[in-house]
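Below is one structure, written out as structure tokens; comments come after it.
The shown structure was predicted, so the numbers you read here are calculated from the model rather than taken from an experiment. Lettering follows sequence order; numbering is per chain, from 1.
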Amino acid sequence: MSEEHQDAVPEVDASDAAADAVAVTDDPTKAFSFSPEREKKYEEIVRRYPTRLSAIMPMLWLCQDEWGWLKPGVPEWVAARLEVPISRVYEIISFYTMYYTENPGTYNLQVCRNISCHMAGSGKITKHLCKKLGVGLNETDSEGRFRVEEVECLGACGMGPMMQVGKDFYEHLTEEKVDELIEQWRRDG
Amino acid sequence: MAYSVHGPKAVSGGAGARLRRGEAFYLVEIVRGMAITMRHLLYNMFHSSTMPTLEYPDERPEHGPWLRGRHRLMKREDGSPRCVACQMCATICPADCISILAQDDDRPDVEKSPESFEINLLRCVYCGMCVEACPCDAIRMDTGIFELAADSREAFIVDREFLLNNTTDGVNR
Amino acid sequence: MNEMLTELGYTLGKIGFMLAVILGLLPAMIWAERKGAAYMQDRIGPNRASIGGIFRMGGLVHPIADVLKLVFKEDIVPAGVNRFFYHLAPFLVMVIALTTFAVIPFGDALYLGDKVIKLQVADLNVGVLYILAMTSLSVYGIVLAGWASNNKYSFLGGIRATSQMISYELNMGLAVMSLILATGTVRMDEMVQFQGHLLFGFLPAWGVVVQPLGFILFLVALFAETNRNPFDLPEGESELVSGYHTEYSSLKFALFFMAEYANMIVGAAIVSTLFFGGWQVPWLSTDLLRAHAGPLLTGSAIGATVLSFVFTAATWRHYERFRGRLGDRRELEPLILGILFFALGLATLGYVVFQKPWTIDSAMAAHFATVAQIGSFLLKTVFFAWLFIWVRWTLPRFRYDQLMRLGWTTMLPLALLNFFVTAGVVLLVNS
Amino acid sequence: MAKIIVDGKEHECEEGQNLFQAIKAAKGRPLPHFCYHPALPVAGVCRMCQVEIEGVPRPVIACNAQVKDGMEVRTETDRIADVVQQILNFHLLHHPVDCPVCDQAGECALQDQYMNYGLYEASVDVEDKIHKDKVKPIGELVMLDAERCVLCARCTRFTSEITKTHEMGIFNRGNHAEIDVAPGRTLDNNYSLNTVDLCPVGALTSRDFRFKRRVWWLENTPSVCAGCATGCNMTIDHSEGTVYRCRPRPNVEVNSYWMCDEGRLLYHRLHDEDRLRTPVVAAEEGPRTVDWDEAYARVQSLLTADGGETRRVAVIASAHATVEELHALGRFADGIGAAKIGYRLEGSEMGEADDLLVSADRTPNAEGARRLGWSQFLGEELRAQASSDTVLLVLKNDFAAFDENGVDLLSAYAGVVVLGTHQDATMDLADVGLPVLSYAESDGLFVNEKGRAQELHASIAGPESARHAVVVLAELGRLLGKEFGWEDPAALRRDLVATEAGWGALATGIDRTGVLLDVVSDGAAIGAESGSEGGGE
């Protein structure tokens, strides 16, 4: 993973920072800023945990809520704001699977692949989704809207095959049902 | 064995080697011995082609794959040496005849390679331990070349290129 | 004055012949030693050196190569040697070996018109004693070499040679004395003449017949005196690292080397002269040879022709069989030799057909007889020289105490016994 | 005090002591381990040091356990052997086994443990192994091979706990976990090579030492770093007359287990191009190499004034010289009545200190010089001695590099003789330059800034014609008709202990951690009374 990040880092200073219209500043704590209500949550988080290291994970969640994924530069910003070593932040990001360092798209279709869902046909669903959307597994489509991902058990074994999109579960999936859902999301934009 | 200068018993050797009456008169035995050698001579004069001797430079001996001849360095598919300069051979060598200088290799799949690889063939005792020690099968002694001749001692210190290209004409280049 | 010059010329001629025999036989002996040893031991022996890349002559080129090598090798004189004796020793050995030959007759007296030429370099009236004297002298070279080398091994070799010489000189002398008693003369030519008789009408009165025990004693003593196996303890490689000539190199070593073979040849000549009738052709006295020269010469010529054609066939067969095996010019050798043999065969055949050798005149007959006698002498010499080689590659070396015991406790009593018995028999016969 | 029983044998140790260390003390050798390091916080990740404790159902790792009185520990049971082998199996599962190209081979913990506890058939094919970064330079001096890593976290603990620079971390998880520097960071602190020493395997290797020499050919000589006044203990690894690397030698009193990169790489100077290998004399066209006889002849002619009488001599000492050399110079100067100028220009060779090891004073033996009665000097003192009737003798001091006025002053002297190791700025101005042995090539003592005398040992032979400075001083004394009677540093040290106060602590010999000298009042010359009242040991 380190390679990717090394490549990504220079972009923070040049294009990304400029694109976000953030004032270029020497102070890394000001590279990004939360929306006011998240800023409030941030304050809560920092207050809740005894050490700053413990606050890294909820802080990263907050960032992911704000921007959808951990844009280049955000981990550095987190480290600067929490005054923790950047290596710790990256250790956490790379350890957990649900921190996204690549844009997961608007709709991240997380299909369960564990045994119950698999026996109920999740494999077929995944394949169908990939074919319909024209993407491979763990790939985002060209418009940056859909991404198909296989995940481990989400605790809905009785309702398989199932997938999670955002915070919603979609259960008892069939190919038709999936088609419908996609049509709907396409309409929603 | 302590031997006495007296009596034929001491001369003839062990207890079971007592001479028979005819043998004690040596002349007959000498003549018999000479007959044996003459028989060989005459036989070989007329059957020289069946002689077991190998007429060496004209006839080459057939030796088994176990013969340890002059060393060679194995190559990778791209022609570079397989050797990674791990110095195992130089370490095990009882004659201390191998000297290797390692270098960083830029190629993606090769990390380390020998910058120089020299074997002093005059020091080498052809024990084959380097071959045994090599973890990369980079050095072998299977060339079958066992006759080495050159005009100078320096010529026996063979380098990487020589060992890689493994010319078959002795040490002389 | 003129007569003296002619006499000198004849003597020089005889000396020349003598040297030619010894020096000519030398390389042949070396070749025979190496090749004979090889064949006895089921090896091929020397066959690499060649002339012009063609002629290998079954290894006969090797002695030439050997000599060339020895000539061009570095002559090393070790530190601490006695320079005078160190340089003298090899020459002493060689010169003595050559001079011993002087008293050996190699043919019956040749009558050229009214001139009588004795085929003997020096007709001493004490010829046998001269031989005994010279053979004893030869040890001086070895002792000097051993002592002057300033090397304990060389010195031990020299000491061994001396004591060996003393021990066996005695037996040799006694054996010769018995022979002198039997033949009644100490002149070499008379001894040979004596051996021309026939005993009981069919047995040549050779020394070996008259003195069988004396012959064996003499032969053994001769082996010891020439330092040949099984009595080559002075050079005993295993314990003395080559003994007296360890410190010699290059030509001086070559001299020792050649002296050994010269000694063998001379020894062989002495044995054949004393015990095998010298130049006598068995059953064919000089008179008989001259009388029947025609048929004998014809027979010899035809024999030579047949032999030549046999060799031609053999070489051709060899050429056919081994063609393509070596892949170079060496393969041509049997072909060329075959052609030469064929030419030789044709020549002898032509000689028989056109020269009609059975019509030989009496002057030529005398020459034929002399040639035949010289041939007979050389044949016997070569045989005994070969015997030296043959024995060497058959018998192992004695241990030194064995050598001494053999000399003093076995051979000396036997020699004395032989001497007294001979004396008694001679006394009986003469009275 | 607590008693524990290790493999049936009783052992005394401290209650609450780390069990790993207690067992190491009891057995005389450590348990198999990768991650445990006495100077780093316990991580307990390698699971190699498992032991059976009576009453505890499962094996526990000793490094994370504490000694309790009466504890019964077994370390050599079949079960432990089996556990360790299986743990080792996991460690080696995705190891590339590229020992032939690995610099760690020969001092690799994996190799050692495998030979001791492993020797099983590998269960993973080479093709099935997970591949990670190889040959990745993560800093100026450190090369990373993530495949070889056993994730002992020593390097990350070092960067977070010792240097507190946090360059390194363990990223990803499970089979894919690997050490690396954080994105955008490089391992560029002044202590980066310590991670290489710490690394029990070949994951982190020194780019400086990389492929230079196999470690089993290196000879180790204990010595002391000459880079600054801290006097870090180090081991010089050398072979066939060449120094290949320097590693810290543990000494809790001085440098713990660490050493700065700057100090480690100082050995390159020993083999520099500008190393003085033969005596040189100044000539019109520049320095000319000569033999010793000619050099001494030149010294003789410098010392002889036009009138034939002997000229005066002034000597300059150095904080780079060993105690023995300084003592020899002092006795030399006293013996011939020379003026003693001092050991360095005031304040020169001072740099920045850091809060770990590096001292501001970049000379190794300033304290030794001070205790021997040498003082720092100013350009003024140099000027005061300058005259056309005085020859200046300089021992291992490159003061000309620090003072331009001093350079001008040198021409005022009748001659300048320099005993040095390199063709440096002072040597360039010398009339005669005499090559002497450096700190790595001679025995001697350095006294660090805290007054600890530590021994140097000769590792390599040095340039062929270089001589030990004390030998050169003795020979120079002979030129002046003065016999000093010392032949080697050892004789001088004996003389020092016998004649000078304040060095008594040396009398009984010095162990590998050095010996603390008596405290002396700051800046004062050592008197008999101040030497006797000190008691710092």
Side-chain angles (χ1 to χ4, degrees), chain B residues 1-62 146-147 149 151-152 168-170, chain C residues 32-33 35-48 50 56 58-59 212-213 215-217 219-220 223 229-230 314 317-318 320-322 324-328 330-331 334 383 386-396 398-406 408-411 414:
Chain B
M1 186 184 87
Y3 54 83
S4 144
V5 291
H6 300 293
K9 267 177 275 175
V11 177
S12 59
R18 287 198 68 115
L19 297 179
R20 276 175 279 124
R21 190 178 291 268
E23 288 168 350
F25 188 58
Y26 293 109
L27 280 180
V28 180
E29 291 303 307
I30 288 171
V31 170
R32 273 182 55 191
M34 287 170 73
I36 290 170
T37 46
M38 182 52 76
R39 202 160 61 230
H40 275 268
L41 182 131
L42 292 175
Y43 180 85
N44 287 328
M45 266 174 87
F46 297 105
H47 298 84
S48 62
S49 58
T50 62
M51 204 99 79
T53 309
L54 192 75
E55 294 205 55
Y56 159 60
D58 299 323
E59 293 169 30
R60 308 294 301 185
E62 276 179 32
F146 53 86
E147 319 132 295
D151 300 337
S152 66
T168 50
D169 54 347
Chain C
E33 175 108 310
K35 204 74 180 173
Y39 274 36
M40 286 176 184
Q41 297 169 345
D42 295 350
R43 292 185 286 112
I44 289 175
N47 69 349
R48 297 297 305 170
S50 65
R56 297 189 288 167
L213 186 58
F215 164 68
I216 289 166
L217 291 170
L219 192 68
V220 172
F223 271 98
N229 203 299
R317 181 161 160 266
H318 192 270
E320 284 284 289
R321 274 179 67 183
F322 291 96
R325 186 173 289 194
L326 294 169
D328 58 24
R330 282 175 292 176
E331 287 182 358
F383 171 77
W386 166 249
L387 188 75
F388 276 97
I389 293 166
W390 189 1
V391 167
R392 177 174 178 190
W393 298 107
T394 303
L395 297 183
F398 272 67
R399 212 169 55 212
Y400 202 71
D401 62 299
Q402 294 171 330
L403 172 92
M404 280 296 145
R405 200 173 59 247
L406 177 73
W408 290 105
T409 66
T410 311
M411 281 178 64
L414 277 176

Looking at CD of Gln41(C) and CG of Asn44(B), how far apart are the two atoms once the value is rounded to the nearest 0.5 Å?
10.5 Å
Tell me, for Leu395(C) versus chain B, whether the close heavy atoms (under 4.5 Å) come from the side chain, the backbone, both or neither.
side chain
What are the two closest non-hydrogen atoms of Met34(B) and Thr394(C), and how far apart are they?
N-CG2, 3.4 Å
Sorted by chain and number, sequence neighbours left out, side chain to side chain donor-acceptor pair (under 3.5 Å) with Arg56(C) holds for none
Under the side chain to side chain contact (heavy atoms under 4.5 Å, CB included) test, residues paired with Pro61(B) that sit two or more places apart
Leu54(B), Tyr56(B), Phe146(B)
Hey, is CD on Glu62(B) packed in by over 12 heavy atoms from elsewhere, all under 6.0 Å?
no
Would you say His40(B) and Tyr39(C) make side-chain contact, with heavy atoms under 4.5 Å?
no
Hey, what do you get for OG1 (Thr37(B)) to CZ (Arg392(C)), rounding to the nearest 0.5 Å?
13.5 Å
Which atom names give the shortest non-hydrogen contact between Met38(B) and Trp390(C), and what distance separates them?
CB-CZ2, 3.4 Å
Look at atom CZ of Arg48(C) and say whether more than 12 heavy atoms of other residues, nucleotides or ligands are closer to it than 6.0 Å.
yes
